[in-house]
Structures are given as C-alpha cells and as structure tokens.
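Below is one structure, written out as structure tokens; comments come after it.
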2 protein chains.
Amino acid sequence: MSATWPDTMSFKSFSQRVNLTKSSFYGELYAMHDFSIRNQRIAVKNLQTICESTFLLANELGFQAMTLRQLSRQTGMSMGGLYAYIKSKDDLAELIYSFLNRYCVEVISDLIKDNLSADKTLVALIHSHLYLSELLQPWFYFAYMETKNLSKAHKRVAINSELSMEILLFETIKKGLDDTDFIIKPSSDEKAQLIASLIKAMLQDWYLKSWKYKKRKISVDNYADMVVDMSLGYLKRG
Amino acid sequence: MSATWPDTMSFKSFSQRVNLTKSSFYGELYAMHDFSIRNQRIAVKNLQTICESTFLLANELGFQAMTLRQLSRQTGMSMGGLYAYIKSKDDLAELIYSFLNRYCVEVISDLIKDNLSADKTLVALIHSHLYLSELLQPWFYFAYMETKNLSKAHKRVAINSELSMEILLFETIKKGLDDTDFIIKPSSDEKAQLIASLIKAMLQDWYLKSWKYKKRKISVDNYADMVVDMSLGYLKRG
DNA sequence: GTCTATACAACGATAGAC
DNA sequence: GTCTATCGTTGTATAGAC
C-alpha cells in the first residue's frame with residue numbers, strides 16, 4: 001500500500017495491493033485497542049469471532065435488538081468471556097466503528113497522495129471506495145446502519161467521516177472545473193456539491209444493497225464502470 | 001388525485017394535487033386498522049401524536065432502542081393509554097409500515113395510468129417519488145431504517161415494495177430502449193436494471209440524508225432536476 | 001377512554017471459582 | 001483466560017380503578 005495507483009484499477013489488483021488478510025486485519029484491531037488479554041493468538045481469533053458474530057446478528061436484527069446472550073451463543077463464548085474483550089455493549093459498537101474509520105482513512109489518504117488529473121482522481125476515488133466497501137461489506141453496512149447507537153462524541157466523528165468522502169469528491173469536481181476537464185452549466189459550487197452527494201449515494205448503495213447485486217451477479221467492477229459512466233458522462237457533457 | 005399529470009411537475013403542484021392534510025391522512029390510518037377507540041376525533045388526534053413521537057424518538061435512537069416509557073413521556077399519554085392504540089411495540093412498527101406502503105401504492109399507481117412516452121414517464125416517476133418522500137420524510141426514513149424490526153411476513157412485503165419502484169423504473173427504461181427514446185451501448189437488460197438501481201439509490205438519498213440537504217438549502221425541485229439530468233443524460237447519450 | 005400500580009421476563013453487567 | 005452463578009435494573013405488557 002505505497003506505490004502509485006495504476007491508471008485502470010480492477011477489484012483484483014486493488015485487493016492484491018491492499019493485501020487485506022483476516023489475520024493481519026484483526027491483528028491491527030488487537031494492536032489498536034489495549035485489551036486485557038495478553039495472548040495475542042487467542043485474542044485475535046476471538047476478536048474475529050466476536051466481530052463476525054456481531055455482524056451476523058446485528059445486520060439481521062439490528063444492533064440494539066441483538067442481545068449479549070445471543071452474541072454469547074453465536075460466538076460460543078460465555079458472557080464473562082465476552083466481557084474480557086469489551087467494556088460494555090456500546091463499547092463493542094464503538095470498537096467496530098472506530099477501527100473501520102481509522103483503517104479507511106489510512107487506505108484512502110494513501111490513494112489521493114498521487115497528483116493525478118481531476119477525472120483520473122475521480123475515477124480512482126469511485127473505484128477505491130467501492131472496492132474497499134466490497135472487501136469490508138459487513139463493516140460498512142454496520143457503520144451506516146448503527147451510527148444511531150454511538151455515543152455523542154463518536155456520532156460526531158461518524159458524521160464527519162461520512163462527509164469527508166463527499167468533500168474529497170467535491171474538491172475533485174471543482175478542480176476538474178478549474179482545469180476545464182469538466183463542464184457544468186450553469187456552473188456553481190452548490191451544483192458541484194450536489195453531484196458529489198449523488199455519487200456518494202450510488203457508492204453507498206453498493207454495500208447497503210449488496211444482497212441484491214450479488215443475487216443479480218453484478219460484479220463490483222461492472223458497478224464501478226456504471227457509476228463512472230454516469231458521473232463522468234454528466235461532468236464531461238456539460 | 002385523479003386527472004392526468006401535467007408535463008412539468010413541481011413540488012408545489014404535486015402537493016396541491018395529492019392534497020395531503022394531517023387530518024385526512026391520519027383519518028385514513030384510523031379507517032384502515034380497526035381500533036378499539038370508538039371516538040374518531042380523539043383517536044385521530046392521538047394516532048398523530050403517537051406516530052410523530054415515534055418518528056422523533058426512533059429516528060434519533062432507533063426503534064428498538066426507543067422504549068415505550070419514553071414514548072409515553074413524549075406523547076404525554078400513559079403506558080395504559082398507549083396500549084389502547086397498539087397491541088404491542090412490534091405492532092406499532094407494522095402499523096406505520098403497512099399504512100405507508102398502502103398509501104404510496106395508491107398514489108404511484110394513480111400516476112402511471114397515463115400512457116406517456118418513456119422519457120416523460122421516467123421524469124414523472126422520479127419527481128413523484130421525490131415529492132412523496134418529501135411530504136412524508138419521517139415515514140420513509142423510518143420504513144427504510146426499521147425494516148429489520150418487522151415480522152418475517154411484513155419483511156417480505158417490505159422487500160417487494162422496495163423492489164416495485166425499481167421494477168417500474170426498469171420497465172420504463174426498457175420501453176424507452178424499444179421506442180429508441182433511449183440508447184445504451186452495449187444494450188442489455190442487466191445494464192438497464194443497474195441504471196434503475198442507481199436512480200433509486202439517488203431517490204432514497206433524498207429522505208435518508210434530508211438533514212444534509214435542508215442545511216445546504218437544496219430544494220426538492222433542484223434535487224429532482226439534477227437526478228433527471230444525470231439519468232436522462234446517460235440514457236439519451238448512449 | 002385514560003390512568004396508576006404492578007407483574008414478570010429479560011437485559012447488561014460483575015464477582016469469584018477454576 | 002474463561003466459566004458459572006447471580007445481582008440490580010429496566011423493559012414490555014396488563015389488571016383494575018376512575
């Protein structure tokens with residue numbers, strides 16, 4: 001996750017570059033928070049079980065409706081065992097949310113370092129957001145649906161990070177207008193911002209309705225192409 | 001809600017046509033379900049209070065997290081008083097969901113009776129969906145976010161009605177391709193369906209992120225124009 | 001038609017054994 | 001590091017007075 005991004009990005013090449021394996025991913029989660037469990041091998045394995053069970057239950061019933069007794073049954077751990085990893089039920093939601101946030105910021109900020117032209121940056125932003133949400137679909141879905149359950153402080157972070165992708169899109173569109181890569185008539189910041197919002201709505205639908213797209217056998221690459229076509233089509237046409 | 005729709009539809013003209021007043025709306029809700037309360041005037045007033053309080057709490061905390069004690073406080077009614085209107089907490093969610101569903105089917109089916117050209121139908125579908133969700137924003141938001149809390153039977157209804165708007169869009173796009181109003185290259189049903197999904201994602205963002213658009217002072221008419229431009233732009237360009 | 005008072009199940013959380 | 005047993009709280013729901 002360091003060299004510049006290639007001009008055409010596929011899900012396959014993205015996955016290879018990010019190189020997200022379960023053990024490295026949950027290893028980072030373990031490293032971030034300081035858990036009372038000292039044995040890393042055991043802790044990482046249990047963290048994975050806890051997170052995946054939470055997604056299974058929360059994405060079916062909602063996080064609030066999910067009880068810790070259900071989670072205990074699903075993970076095969078006891079209530080006491082669970083509480084070795086989480087301070088409270090709310091803490092579990094915040095653990096998941098803040099790790100995802102930190103992880104994504106890392107990947108995306110790595111992406112935009114390269115100083116590409118506006119249209120290439122826009123394409124790269126669309127692709128990488130879709131690919132990242134494809135790799136971490138349950139995490140993205142959970143973060144979107146369960147923001148309500150976060151504490152006030154975390155809620156503010158959630159809203160900011162929700163907006164940061166939109167700001168990136170917006171600034172790229174503005175850059176494209178300045179460089180006359182893009183045309184909007186009549187041109188205005190409000191309009192550029194609205195386009196950014198609409199692009200983000202399309203990006204979010206990929207992980208919010210993933211069951212639908214899987215069922216229709218639409219690949220993330222197909223989806224990305226269509227979003228790019230609609231966005232750039234509009235921006236290049238004027 | 002009977003005559004044909006005008007060629008250009010604004011939120012104002014839509015509102016006048018649908019003529020949705022609180023008393024008529026909650027009157028219909030009272031008529032649909034049979035409540036034990038015989039005094040219609042009292043019942044309609046209380047139903048409005050209950051629904052609006054539910055939206056206030058559920059859209060802030062989530063429906064599951066909202067307790068009936070909180071709802072009792074918010075409505076100014078006692079627990080016993082509430083239970084004169086609902087059989088259970090889940091019943092409340094289903095009451096809200098199924099009434100919204102019935103109401104929307106009525107309005108939308110009324111709309112597509114007119115046999116307009118594909119592009120006019122598409123514009124009409126986009127406008128009327130946005131306007132309806134603007135008039136009933138808390139209802140739409142609730143229905144989207146709280147589908148998880150419905151019973152299995154209601155969940156299936158929810159998914160079907162979620163798809164029905166998409167099917168309408170899809171069939172309109174296909175009609176436009178047959179009539180060569182629209183161009184997609186290479187043309188395929190999969191692609192037409194994907195466009196329908198993306199349009200719906202943009203429509204949903206209007207009521208899911210309404211706080212954001214209100215804050216930016218973007219009117220539903222502005223939003224509708226942009227969605228139409230992006231959709232028709234793509235479909236007319238090929 | 002609405003209230004107060006209460007039943008009782010289920011929840012999150014913890015202490016202490018192992 | 002994990003389990004069992006248990007605490008206190010809070011939730012949904014109802015019975016009976018008014």
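Letters A, B, ... mirror the listed sequences (proteins, then strands); counts begin at 1.
As a whole-Å value, the separation of A/L82 CG from D/dC3 C1' is 12 Å. The distance from atom CG of B/D90 to atom P of D/dT12 is 10 Å, rounded to the nearest whole Å. Rounding to whole angstrom units, CG of residue A/D91 and P of C/dG12 are separated by 14 Å. Here the C1' atom of nucleotide D/dT10 and the CD atom of A/Q64 are 13 Å apart, to the nearest Å. Between A/L68 atom CG and D/dT9 atom C1' the separation is 15 Å, expressed in whole Å. Rounded to an integer number of Å, the gap from A/M79 CE to C/dC11 C1' is 8 Å. Note: CG (B/L47) to P (C/dT2) measures 10 Å, nearest angstrom.
When distances run from any side-chain atom of B/I37 to the nucleotides C/dT2, D/dG11, C/dC11, the shortest one goes to C/dT2. Comparing atom distances between the B/T67 side chain and each of C/dA13, D/dG11, D/dT2 picks out D/dG11 as nearest. Among the nucleotides D/dT2, C/dA13, D/dA13, the one closest to the side chain of A/S88 is C/dA13.
Considering only side-chain N and O atoms, B/R69 lies nowhere under 4.0 angstrom from the phosphate OP1 or OP2 of D/dT10. Of the side-chain N and O atoms in A/S78, none sit less than 4.0 angstrom from OP1 or OP2 of D/dT4. Within the structure, every side-chain polar atom (N or O) of B/Y83 is placed at least 4.0 Å from both OP1 and OP2 of D/dT14.
The heavy-atom pair separating B/I218 from B/Y223 by the smallest distance is CG2-N, 4.3 Å. Nearest heavy atoms, B/P138 versus B/N59: O-ND2, 3.8 Å.
Heavy atoms of A/Y85 sit under 4.0 angstrom from primed sugar atoms or phosphate atoms, though from no base atom.
Checked against a 6.0 Å centroid threshold, the rings of B/F99 and B/F25 count as neighbours.
Geometric assessment of A/K89 against the ring of A/F63 yields a positive cation-pi assignment under the 6.0 Å and 45° thresholds.
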